[in-house]
Amino acid sequence: MGAIYRREVGAFFTSSIAYIFLAVFWMFTGYFFYMSCLYPGTTDMSNMFQSMFLICVFLIPILTMRLFSEEKKQKTEQGLLTAPVSLGEIVFGKYFAALTLYTIALLMPFVYALILSTFGLVEWGMLFANFLALFLLGAAFIAVGTLVSALTENQIAAAVVSFVSLMALYMIDVIQEYVTVEWVSTLLGYLSFRRKYFAITCGLFNVSTIVFYISVAILVNYLTIRVFERRRWS
Amino acid sequence: MIEVRNLTKHYGDKHAVNDISFTVEDGEILGFLGPNGAGKSTTMNMLTGYISSTSGQALINGVDILEDPIKAKSYIGYLPELPPLYLDMTVKGYLNYIYDLKKCKLPRKAHLKEVMALTKVDDVAERIIKNLSKGYKQRVGLAQALIGNPPVLILDEPTVGLDPKQILEIRTLIKKLGKNHTVILSSHILSEIQAVCDRIIIINHGHVAAHDTTDNLSKNVSTDHRIIARIEGPRDEIIKAMRNIEGIKYCRADMEREPGVYEYELEAAPDTDIRRAIFDICAEHHWYLLAARSAELTLEDVFLKITMGEGITLPDPDAEKGGAD
């Protein structure tokens, strides 16, 4: 897994994807930081974290679109699948590489928090809960993007489909409002990504939310492994 | 060692590979020969665990590729039809990555240096793979297969895209590697297979069309028992005399090449050498033997015959081959 992870992190930086992703991510955090903290003069960063949800929906597909689609297109997939490594190592190697880049992106808001702390009192407990929520949200989203990337050999198709999928997850609450069948509505309520995330940004920390995001990430990565397994047997 | 038993692959109704069985011993080079689309690559992909087989078994050093894929794959160095190269990496960076990917235990620096020297890519070690020529890319692909010094090498058309000098070098290298590795090599170029391999399997439409040692296949299609001789002398008398040679099956005169000189086609039973008898008869009657050659069929002919059914009429060799399958 280490070899795949290292190569993938390297590939993020040799292609321009890492720079584009980080630049755009930091541009948005900077903007929201200014609008929700500096301008109103508060040390409460929750508004910024709330806004980042939608930005992740847009940006994470860029991070994950290349992961498997490019392997398939360049025929390097054959080298990976005939190497003495398990499918799990391949999928998680790539997944953690994307997650690493995402974590680097999250360091910037942390710098903002440090800046704020020199001027006023920062509610660190709440801030870390926010960080954890955004990190786990990204972890789940990256898993979805990785799965979509494994299904196509076209990067653009992967990006678009990932975006639509993440958008659908974002919209679960909206859909729920229009569903009249009660059990479907309840089920959608359980699956809502946004409600759980926003609860944490409002200061309601809930362990079940953490478990939910981690479960989604693991489950979707497992599905990615199954995609490869199935392709081999077809 | 590679053991393949009744390996079959269906894609829907299409039988890509049908019931192929063979064994390759240690230190042996097996050649897969067949036209494009015959099932060579599909078979290799099944052997390397890239795709599964519909039925049948492939054992690499006694390990079933589907039951313990990781262990089986660790015995294999595989060069696919298109080398799996990451174009954005340097040659050295890429080989280092492969070294890690294969969880190689050999001393890193020395091993990489050895492999790069063997495949002659050391002079482009620092270059980005994207910018290399096809020949170099192919050699990096071969280097990738050699990393970790796996006991089994599976090479899918390893000399494609190389210039004649490089082809020769790679063939020599494969022959050298064949001494202490188990090698399967595919190609649609006969002379290549003939030059490198100990044994040949000819595949057509997913079936094994012929399976024999290179020597036997060559013997079947040669040589000493079919002679074409150019003799100066009275035609009918010559034919009459030749027909008295022991073991001869037929003798007929072809066209007149020079005034009074005919070309005679002589065929004896297989394994009967009639060259000396011909000489003796000519000497006895003072006929001048101006030229003689064995009516050798190249592997090309055999190949065409086998892959195209009865396209070319050939005498004997084919009856024996049928028995060798």
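Here is how names work: the chains are called A, B, and so on, in the same order as the sequence lines, proteins then strands, and each is numbered from 1. Everything quoted here is computed from the prediction, not taken from an experiment.
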Let me confirm one number: the CD1-OG1 distance from B:Ile65 to A:Thr82, rounded to the nearest 0.5 Å.
9.0 Å

Looking at A:Glu70, A:Gln74, A:Arg7, which one forms a side-chain contact (heavy atoms from CB on, under 4.5 Å) with B:Asp88?
A:Arg7

Rounded at 0.5 Å granularity, tell me how far CG in B:Asn96 sits from CZ in A:Arg6.
9.5 Å

For A:Phe28, I'd like to know if atom CZ has over 12 heavy atoms of other residues, nucleotides or ligands within 6.0 Å.
no

Sort A:Ser86 into side chain, backbone, both or neither according to what part of it lies under 4.5 angstrom from a heavy atom of chain B.
both

Contacts under 3.5 angstrom, residues 132-140 of chain A side chains, donor-acceptor by atom type, not counting sequence neighbours:
none

Can you tell me which portion of B:Tyr78 sits under 4.5 Å from chain A's heavy atoms? Options are side chain, backbone, both or neither.
side chain

Rounded to the nearest 0.5 Å, the OG1 atom of A:Thr76 sits from the CG atom of B:Leu82 at a distance of 11.0 Å

Name the region of B:Lys9, side chain, backbone, both or neither, that has any atom closer than 4.5 Å to a heavy atom of chain A.
side chain

CZ-OG distance between A:Arg231 and B:Ser52, expressed to the nearest 0.5 angstrom:
13.0 Å

Pick one of side chain, backbone, both or neither for B:Leu66, based on which atoms fall under 4.5 Å of a heavy atom in chain A.
side chain

Segment of B:Leu79 engaging chain A (4.5 angstrom heavy-atom cut-off)
neither

Minimum side-chain heavy-atom gap A:Leu80-B:Leu101 below 4.5 Å:
yes

If you measure from OG on B:Ser53 to CZ on A:Arg232, what distance do you get to the nearest 0.5 Å?
11.0 Å

Among residues 110-135 of chain B, residues within the sub-4.5 Å heavy-atom range of chain A, in order of number, are none

Decide if atom CH2 of A:Trp124 counts as having more than 12 heavy atoms of other residues, nucleotides or ligands within a radius under 6.0 Å.
yes

Are more than 12 heavy atoms from other residues, nucleotides or ligands located less than 6.0 Å from atom NZ of A:Lys73?
no

Under a 3.5 Å distance rule, please check whether B:Lys71 uses its side chain to pair with a backbone N or O of A:Pro84 as donor and acceptor.
no

Contact part of B:Asn45 toward chain A, heavy-atom cut-off under 4.5 Å: side chain, backbone, both or neither?
side chain

More than 12 non-hydrogen atoms from neighbouring residues, nucleotides or ligands closer than 6.0 Å to CZ on A:Phe13, yes or no?
yes

Measuring heavy-atom distances to chain A, does B:Lys102 have an atom under 4.5 Å in its side chain, in its backbone, in both, or in neither?
both

So CE of B:Met44 and CD of A:Gln78: to nearest 0.5 Å the spacing works out to 11.0 Å

